[in-house]
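Following: one structure in C-alpha coordinates, then a few remarks.
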Amino acid sequence: MNRRDFVKKKMVVSTALGLGGAGVLSASEWSPEKEQKPFKLNYAPHLGMFKESAGNDPIDQLNFMADMGFTAFEDNEMKGRDQSLQEKMAKTMMERGISMGVFVAHEIYWDKPNLASGDMSLREKFLKEIKESIEVAKRVNAKWITVVPGHVDLRLRKGYQTANVIESLKQACSLLEPHGLTMVLEPLNFRNHPGLFLTDSPQAFEICKSVDSPSCKILFDIYHQQIQEGNLIPNIDACWDEIGYFQVGDNPGRNEPTTGEINYKNVFKHIHSKGFTGIVGMEHGNSIEGKKGEQAVIEAYRITDSF
(Lines give C-alpha, C1' and ligand atoms only; values in the text may rest on other atoms or scores of the structure.)
Protein backbone atom coordinates (compact mmCIF):
# COMPACT_ATOMS: atom_id res chain seq x y z
CA MET A 1 0.00 0.00 0.00
CA ASN A 2 1.26 3.50 -0.81
CA ARG A 3 0.53 5.37 2.37
CA ARG A 4 2.34 8.60 1.74
CA ASP A 5 3.76 10.46 -1.22
CA PHE A 6 6.13 12.48 0.93
CA VAL A 7 8.99 10.02 0.43
CA LYS A 8 9.61 11.42 -3.04
CA LYS A 9 12.84 13.28 -2.57
CA LYS A 10 13.07 16.94 -3.43
CA MET A 11 15.98 18.87 -4.91
CA VAL A 12 16.66 22.19 -3.22
CA VAL A 13 18.99 24.95 -4.29
CA SER A 14 20.41 25.58 -0.84
CA THR A 15 21.72 23.40 1.97
CA ALA A 16 20.50 25.86 4.61
CA LEU A 17 20.70 23.32 7.41
CA GLY A 18 22.97 25.16 9.81
CA LEU A 19 25.49 22.33 9.60
CA GLY A 20 28.34 24.28 11.09
CA GLY A 21 27.14 23.99 14.69
CA ALA A 22 28.16 21.78 17.55
CA GLY A 23 27.72 18.06 17.15
CA VAL A 24 28.05 18.07 13.36
CA LEU A 25 30.26 15.50 11.70
CA SER A 26 32.84 17.02 9.40
CA ALA A 27 33.43 15.59 5.96
CA SER A 28 36.57 13.87 7.23
CA GLU A 29 34.76 12.35 10.20
CA TRP A 30 31.69 11.00 8.38
CA SER A 31 31.67 8.08 6.02
CA PRO A 32 29.24 5.25 5.22
CA GLU A 33 31.82 2.77 6.46
CA LYS A 34 32.47 4.41 9.83
CA GLU A 35 30.22 3.34 12.69
CA GLN A 36 28.78 6.17 14.76
CA LYS A 37 27.69 6.28 18.39
CA PRO A 38 24.01 5.62 19.19
CA PHE A 39 21.62 8.51 19.59
CA LYS A 40 19.92 9.43 22.87
CA LEU A 41 16.49 8.64 21.40
CA ASN A 42 15.49 5.68 19.24
CA TYR A 43 15.13 7.41 15.88
CA ALA A 44 13.78 5.08 13.20
CA PRO A 45 14.63 5.60 9.51
CA HIS A 46 12.74 3.88 6.71
CA LEU A 47 13.77 2.04 3.58
CA GLY A 48 14.95 4.34 0.83
CA MET A 49 16.20 7.06 3.14
CA PHE A 50 19.84 5.96 2.68
CA LYS A 51 19.70 3.98 -0.54
CA GLU A 52 22.33 6.09 -2.31
CA SER A 53 24.82 5.27 0.43
CA ALA A 54 23.76 1.71 1.21
CA GLY A 55 22.29 0.45 -2.07
CA ASN A 56 18.81 -0.87 -2.84
CA ASP A 57 18.98 -4.07 -0.80
CA PRO A 58 16.88 -3.73 2.39
CA ILE A 59 19.38 -5.76 4.41
CA ASP A 60 22.25 -3.49 3.37
CA GLN A 61 20.14 -0.47 4.27
CA LEU A 62 19.41 -1.87 7.74
CA ASN A 63 23.10 -2.50 8.31
CA PHE A 64 23.91 1.03 7.20
CA MET A 65 21.35 2.44 9.65
CA ALA A 66 22.94 0.46 12.47
CA ASP A 67 26.42 1.61 11.45
CA MET A 68 25.24 5.22 11.61
CA GLY A 69 24.01 4.79 15.18
CA PHE A 70 20.28 4.28 14.61
CA THR A 71 18.69 1.79 17.00
CA ALA A 72 15.21 1.52 15.46
CA PHE A 73 13.51 1.15 12.08
CA GLU A 74 9.98 1.60 10.80
CA ASP A 75 8.36 0.37 7.62
CA ASN A 76 4.81 1.33 6.68
CA GLU A 77 4.90 -1.26 3.91
CA MET A 78 6.16 -4.20 5.98
CA LYS A 79 2.85 -6.05 5.92
CA GLY A 80 2.93 -6.27 2.13
CA ARG A 81 6.51 -7.57 1.85
CA ASP A 82 7.32 -11.21 1.07
CA GLN A 83 7.47 -13.39 4.15
CA SER A 84 11.03 -14.44 3.33
CA LEU A 85 12.14 -10.80 3.27
CA GLN A 86 10.29 -10.09 6.50
CA GLU A 87 12.20 -12.93 8.15
CA LYS A 88 15.55 -11.75 6.77
CA MET A 89 14.89 -8.21 7.95
CA ALA A 90 13.87 -9.44 11.40
CA LYS A 91 17.05 -11.51 11.67
CA THR A 92 19.20 -8.54 10.68
CA MET A 93 17.45 -6.23 13.13
CA MET A 94 17.96 -8.71 15.94
CA GLU A 95 21.65 -9.14 15.11
CA ARG A 96 22.25 -5.39 14.86
CA GLY A 97 20.24 -4.31 17.90
CA ILE A 98 17.55 -2.51 15.92
CA SER A 99 14.00 -2.33 17.30
CA MET A 100 11.14 -2.68 14.84
CA GLY A 101 8.78 0.28 14.79
CA VAL A 102 5.34 0.66 13.26
CA PHE A 103 3.89 -0.72 10.08
CA VAL A 104 0.41 0.05 8.73
CA ALA A 105 -2.01 -2.55 10.04
CA HIS A 106 -4.97 -2.20 7.69
CA GLU A 107 -6.34 -0.58 4.56
CA ILE A 108 -6.77 3.12 5.21
CA TYR A 109 -9.89 4.73 3.77
CA TRP A 110 -8.64 8.16 2.72
CA ASP A 111 -11.77 9.40 0.97
CA LYS A 112 -14.76 7.47 2.27
CA PRO A 113 -16.11 6.46 5.69
CA ASN A 114 -14.82 3.33 7.36
CA LEU A 115 -14.76 2.83 11.12
CA ALA A 116 -16.73 6.02 11.78
CA SER A 117 -19.67 4.69 9.77
CA GLY A 118 -20.52 1.78 12.05
CA ASP A 119 -20.85 -0.47 9.00
CA MET A 120 -20.50 -4.03 10.35
CA SER A 121 -18.92 -5.40 7.19
CA LEU A 122 -16.22 -2.72 7.28
CA ARG A 123 -15.62 -3.41 10.96
CA GLU A 124 -15.20 -7.12 10.28
CA LYS A 125 -12.80 -6.35 7.45
CA PHE A 126 -10.77 -4.14 9.80
CA LEU A 127 -10.65 -6.83 12.49
CA LYS A 128 -9.57 -9.43 9.92
CA GLU A 129 -6.72 -7.15 8.88
CA ILE A 130 -5.72 -6.69 12.52
CA LYS A 131 -5.52 -10.48 12.90
CA GLU A 132 -3.28 -10.64 9.82
CA SER A 133 -1.09 -7.87 11.23
CA ILE A 134 -0.63 -9.76 14.48
CA GLU A 135 1.07 -12.55 12.56
CA VAL A 136 3.32 -10.08 10.74
CA ALA A 137 4.18 -8.34 14.00
CA LYS A 138 5.21 -11.61 15.59
CA ARG A 139 7.35 -12.44 12.55
CA VAL A 140 9.27 -9.14 12.61
CA ASN A 141 9.28 -8.58 16.39
CA ALA A 142 7.11 -5.48 16.17
CA LYS A 143 5.32 -4.03 19.20
CA TRP A 144 3.37 -1.26 17.46
CA ILE A 145 1.05 -1.11 14.46
CA THR A 146 -0.45 2.03 12.93
CA VAL A 147 -4.22 2.50 12.75
CA VAL A 148 -6.04 5.37 11.00
CA PRO A 149 -9.85 5.29 11.45
CA GLY A 150 -10.46 6.72 7.99
CA HIS A 151 -12.73 9.42 6.58
CA VAL A 152 -15.57 11.12 8.40
CA ASP A 153 -19.14 10.02 7.75
CA LEU A 154 -21.03 13.19 6.92
CA ARG A 155 -24.34 11.39 7.42
CA LEU A 156 -23.71 10.91 11.13
CA ARG A 157 -23.23 13.33 14.02
CA LYS A 158 -19.74 13.36 15.49
CA GLY A 159 -20.79 11.60 18.68
CA TYR A 160 -22.14 8.58 16.81
CA GLN A 161 -19.01 8.40 14.68
CA THR A 162 -16.84 8.51 17.79
CA ALA A 163 -18.84 5.73 19.42
CA ASN A 164 -18.47 3.60 16.29
CA VAL A 165 -14.73 4.11 16.21
CA ILE A 166 -14.35 3.32 19.89
CA GLU A 167 -16.30 0.08 19.56
CA SER A 168 -14.16 -1.07 16.63
CA LEU A 169 -10.98 -0.27 18.56
CA LYS A 170 -12.21 -2.10 21.66
CA GLN A 171 -12.79 -5.21 19.60
CA ALA A 172 -9.33 -4.85 18.04
CA CYS A 173 -7.80 -4.56 21.50
CA SER A 174 -9.30 -7.88 22.50
CA LEU A 175 -7.28 -9.38 19.66
CA LEU A 176 -4.07 -7.46 20.40
CA GLU A 177 -3.85 -7.65 24.19
CA PRO A 178 -3.01 -11.37 24.44
CA HIS A 179 0.03 -10.74 22.21
CA GLY A 180 1.26 -7.62 23.99
CA LEU A 181 0.81 -5.55 20.84
CA THR A 182 -0.26 -1.92 20.66
CA MET A 183 -2.09 -0.14 17.87
CA VAL A 184 -1.18 3.53 17.76
CA LEU A 185 -3.82 5.92 16.46
CA GLU A 186 -2.43 8.63 14.21
CA PRO A 187 -4.21 12.00 13.99
CA LEU A 188 -3.50 13.53 10.58
CA ASN A 189 -3.57 17.19 9.55
CA PHE A 190 -6.32 18.81 7.50
CA ARG A 191 -3.97 20.16 4.82
CA ASN A 192 -2.41 16.90 3.63
CA HIS A 193 -5.38 14.67 4.44
CA PRO A 194 -8.64 16.66 4.37
CA GLY A 195 -11.78 15.03 5.64
CA LEU A 196 -10.33 12.41 7.97
CA PHE A 197 -12.07 11.55 11.21
CA LEU A 198 -9.04 11.67 13.52
CA THR A 199 -7.18 14.99 13.39
CA ASP A 200 -6.32 16.29 16.88
CA SER A 201 -4.32 15.04 19.83
CA PRO A 202 -7.11 15.83 22.35
CA GLN A 203 -9.51 13.80 20.21
CA ALA A 204 -7.07 10.87 20.15
CA PHE A 205 -6.58 11.22 23.90
CA GLU A 206 -10.34 11.06 24.49
CA ILE A 207 -10.68 7.95 22.33
CA CYS A 208 -7.78 6.15 24.01
CA LYS A 209 -9.19 6.94 27.45
CA SER A 210 -12.55 5.58 26.34
CA VAL A 211 -11.08 2.39 24.87
CA ASP A 212 -9.08 2.01 28.09
CA SER A 213 -6.56 -0.58 26.94
CA PRO A 214 -2.76 -0.81 26.89
CA SER A 215 -3.20 -1.93 23.28
CA CYS A 216 -4.61 1.43 22.15
CA LYS A 217 -2.34 4.48 22.31
CA ILE A 218 -1.55 7.65 20.35
CA LEU A 219 0.96 7.99 17.54
CA PHE A 220 1.90 11.64 18.04
CA ASP A 221 3.22 12.75 14.64
CA ILE A 222 4.92 16.08 15.35
CA TYR A 223 4.72 17.18 11.72
CA HIS A 224 0.95 16.67 11.57
CA GLN A 225 0.29 18.27 14.92
CA GLN A 226 2.43 21.32 14.15
CA ILE A 227 0.10 21.99 11.22
CA GLN A 228 -3.09 20.93 12.95
CA GLU A 229 -2.74 22.53 16.35
CA GLY A 230 0.81 23.72 17.16
CA ASN A 231 1.61 24.27 20.85
CA LEU A 232 3.61 21.06 20.63
CA ILE A 233 5.23 20.60 24.03
CA PRO A 234 2.13 21.51 26.08
CA ASN A 235 -0.02 19.21 23.93
CA ILE A 236 2.52 16.40 24.30
CA ASP A 237 2.36 16.88 28.06
CA ALA A 238 -1.44 16.98 28.09
CA CYS A 239 -1.80 13.57 26.45
CA TRP A 240 1.48 12.05 27.64
CA ASP A 241 -0.15 9.11 29.41
CA GLU A 242 -1.68 7.92 26.15
CA ILE A 243 1.26 8.49 23.79
CA GLY A 244 2.90 5.27 22.65
CA TYR A 245 4.95 6.43 19.68
CA PHE A 246 6.27 9.57 18.00
CA GLN A 247 6.95 10.43 14.38
CA VAL A 248 8.94 13.33 13.00
CA GLY A 249 9.00 15.67 10.03
CA ASP A 250 9.76 19.38 9.85
CA ASN A 251 7.29 21.93 8.53
CA PRO A 252 7.05 23.21 5.85
CA GLY A 253 8.36 20.53 3.50
CA ARG A 254 8.08 17.41 5.61
CA ASN A 255 11.82 16.80 5.53
CA GLU A 256 14.45 16.20 8.19
CA PRO A 257 14.68 18.33 11.35
CA THR A 258 16.52 21.69 10.95
CA THR A 259 14.91 22.32 7.55
CA GLY A 260 11.75 24.03 8.83
CA GLU A 261 10.20 25.93 11.71
CA ILE A 262 10.11 23.31 14.48
CA ASN A 263 12.73 23.53 17.22
CA TYR A 264 13.36 19.81 17.28
CA LYS A 265 16.29 20.00 19.68
CA ASN A 266 13.95 21.38 22.34
CA VAL A 267 11.19 18.92 21.49
CA PHE A 268 13.56 15.93 21.61
CA LYS A 269 15.11 17.19 24.84
CA HIS A 270 11.66 17.44 26.39
CA ILE A 271 10.61 13.96 25.28
CA HIS A 272 13.87 12.52 26.57
CA SER A 273 13.56 14.36 29.90
CA LYS A 274 10.16 12.75 30.46
CA GLY A 275 11.74 9.31 30.22
CA PHE A 276 10.52 8.29 26.79
CA THR A 277 12.28 5.09 25.71
CA GLY A 278 10.07 4.20 22.74
CA ILE A 279 10.57 4.90 19.06
CA VAL A 280 10.68 8.20 17.18
CA GLY A 281 9.88 7.41 13.56
CA MET A 282 11.60 9.44 10.83
CA GLU A 283 8.52 9.69 8.61
CA HIS A 284 9.82 12.36 6.28
CA GLY A 285 11.72 12.89 3.05
CA ASN A 286 15.26 14.08 2.44
CA SER A 287 15.59 17.77 1.59
CA ILE A 288 18.57 17.14 -0.70
CA GLU A 289 19.03 14.34 -3.20
CA GLY A 290 21.86 11.82 -3.27
CA LYS A 291 24.52 10.91 -0.74
CA LYS A 292 24.93 14.56 0.22
CA GLY A 293 21.30 14.65 1.29
CA GLU A 294 21.61 11.39 3.20
CA GLN A 295 24.58 12.77 5.11
CA ALA A 296 22.53 15.91 5.81
CA VAL A 297 19.78 13.77 7.39
CA ILE A 298 22.27 12.05 9.69
CA GLU A 299 23.87 15.37 10.61
CA ALA A 300 20.46 16.90 11.31
CA TYR A 301 19.73 14.17 13.86
CA ARG A 302 23.18 14.59 15.41
CA ILE A 303 22.45 18.31 15.82
CA THR A 304 18.97 17.92 17.28
CA ASP A 305 20.04 15.00 19.50
CA SER A 306 22.89 17.02 21.03
CA PHE A 307 20.92 18.37 23.99
Got a second to check how far [X]'s [atom1] is from [Y]'s [atom2], nearest 0.5 Å?
{"X": "Ile279", "Y": "Met100", "atom1": "CD1", "atom2": "CE", "answer": "8.0 Å"}
{"X": "Ser174", "Y": "Leu127", "atom1": "OG", "atom2": "CG", "answer": "7.5 Å"}
{"X": "Gln247", "Y": "Leu219", "atom1": "CD", "atom2": "CG", "answer": "4.5 Å"}
{"X": "Ile298", "Y": "Met65", "atom1": "CD1", "atom2": "CE", "answer": "10.0 Å"}
{"X": "Arg81", "Y": "Gln86", "atom1": "CZ", "atom2": "CD", "answer": "9.0 Å"}
{"X": "Ile218", "Y": "Asp241", "atom1": "CD1", "atom2": "CG", "answer": "9.5 Å"}

Could you give me the CA-CA distance, side-chain angles and deciding distance for Asp67 and Arg96, then say whether side-chain contact (heavy atoms from CB on, under 4.5 Å) is met? CA-CA 9 Å; Asp67 289 345; Arg96 297 305 308 271; 2.8 Å; yes
Please collect all ring pair (Phe, Tyr, Trp, His ring centres under 6.0 Å) contacts where either partner lies in residues 69-105, sequence neighbours excluded, each pair once. Phe39-Phe70, Phe50-Phe70
Can you run down the ring pair (Phe, Tyr, Trp, His ring centres under 6.0 Å) pairs that involve residues 125-159, sequence neighbours left out, and say none if there aren't any? His106-Phe126, Trp144-Tyr245
Taking only Lys NZ, Arg NE, NH1 and NH2, and the carboxylate oxygens of Asp or Glu, determine whether Glu283 and Arg254 approach each other closer than 4.0 Å. yes
Salt bridge or not between Lys79 and Glu129? Use side-chain N to carboxylate O under 4.0 Å. no
Report yes if the side chains of [X] and [Y] come closer than 4.5 Å at any heavy-atom pair, otherwise no.
{"X": "Leu115", "Y": "Leu122", "value": "no"}
{"X": "Leu156", "Y": "Asn164", "value": "yes"}
{"X": "Asn63", "Y": "Thr92", "value": "yes"}
{"X": "Val136", "Y": "Met78", "value": "yes"}
{"X": "Ile130", "Y": "Ile145", "value": "yes"}
{"X": "Pro187", "Y": "Gln228", "value": "no"}
{"X": "Gln161", "Y": "Pro149", "value": "no"}
{"X": "Phe220", "Y": "Leu232", "value": "yes"}

Residues which pass side chain to side chain donor-acceptor pair (under 3.5 Å) with [X], listed by chain and number, not counting sequence neighbours:
{"X": "Lys217", "value": "Glu242"}
{"X": "Ser168", "value": "Arg123"}
{"X": "Glu206", "value": "none"}
{"X": "Asn42", "value": "Thr71"}

Atom of [X], atom of [Y] and distance for their closest heavy-atom approach:
{"X": "Val140", "Y": "Met93", "value": "O-CE, 4.2 Å"}
{"X": "Glu74", "Y": "Gly281", "value": "OE1-CA, 3.2 Å"}
{"X": "Asp60", "Y": "Ala54", "value": "CB-O, 3.5 Å"}
{"X": "Ser117", "Y": "Pro113", "value": "CB-CB, 4.0 Å"}
{"X": "Phe205", "Y": "Ala238", "value": "CE1-O, 3.8 Å"}
{"X": "Ala296", "Y": "Ile288", "value": "CB-CD1, 4.4 Å"}

Is there a chain of hydrophobic side chains (I, L, V, M, F, W, Y, each step under 4.5 Å between heavy atoms) that links [X] to [Y]?
{"X": "Val152", "Y": "Phe190", "result": "no"}
{"X": "Val297", "Y": "Tyr223", "result": "no"}
{"X": "Ile262", "Y": "Tyr43", "result": "yes"}
{"X": "Phe246", "Y": "Ile227", "result": "no"}
{"X": "Phe64", "Y": "Leu85", "result": "yes"}

N/O donor-acceptor pair under 3.5 Å between [X] side chain and [Y] backbone:
{"X": "Glu256", "Y": "His284", "value": "no"}
{"X": "Ser215", "Y": "Met183", "value": "no"}
{"X": "Asn286", "Y": "Met49", "value": "yes"}
{"X": "His224", "Y": "Asn189", "value": "yes"}
{"X": "Gln226", "Y": "Asp250", "value": "no"}
{"X": "Glu186", "Y": "Asp221", "value": "no"}
{"X": "Gln225", "Y": "Gly230", "value": "no"}

With no hydrogens and no angle check, do the side chains of Glu294 and Ser53 hold a donor and an acceptor under 3.5 Å apart? yes
[X]: partners by side-chain contact (heavy atoms from CB on, under 4.5 Å), with sequence neighbours left out:
{"X": "Val211", "result": "Ile166, Leu169, Lys170, Cys173, Ile207, Ser213, Cys216"}
{"X": "Lys274", "result": "Asp237, Trp240, His270"}
{"X": "Glu95", "result": "Lys91"}
{"X": "Lys88", "result": "Ile59"}

So does Lys131 have more than 12 non-hydrogen atoms from other groups sitting under 6.0 Å from NZ? no
Might you confirm whether atom NZ of Lys209 has over 12 heavy atoms from other residues, nucleotides or ligands at distances under 6.0 Å? yes
Does the side-chain contact (heavy atoms from CB on, under 4.5 Å) test come out yes or no for Lys128 and Glu124, once each step is laid out? CA-CA 6 Å; Lys128 177 178 180 292; Glu124 288 305 313; over 6 Å; no
His272: ring pair (Phe, Tyr, Trp, His ring centres under 6.0 Å) partners, not counting sequence neighbours: Phe307
Restricting to ring pair (Phe, Tyr, Trp, His ring centres under 6.0 Å), what partner residues turn up for Tyr264, sequence neighbours left out? Phe268
Check the pair Glu229, Asn235 against side-chain contact (heavy atoms from CB on, under 4.5 Å), reporting the backbone distance first and the verdict last. CA-CA 9 Å; Glu229 59 193 19; Asn235 283 331; 3.5 Å; yes
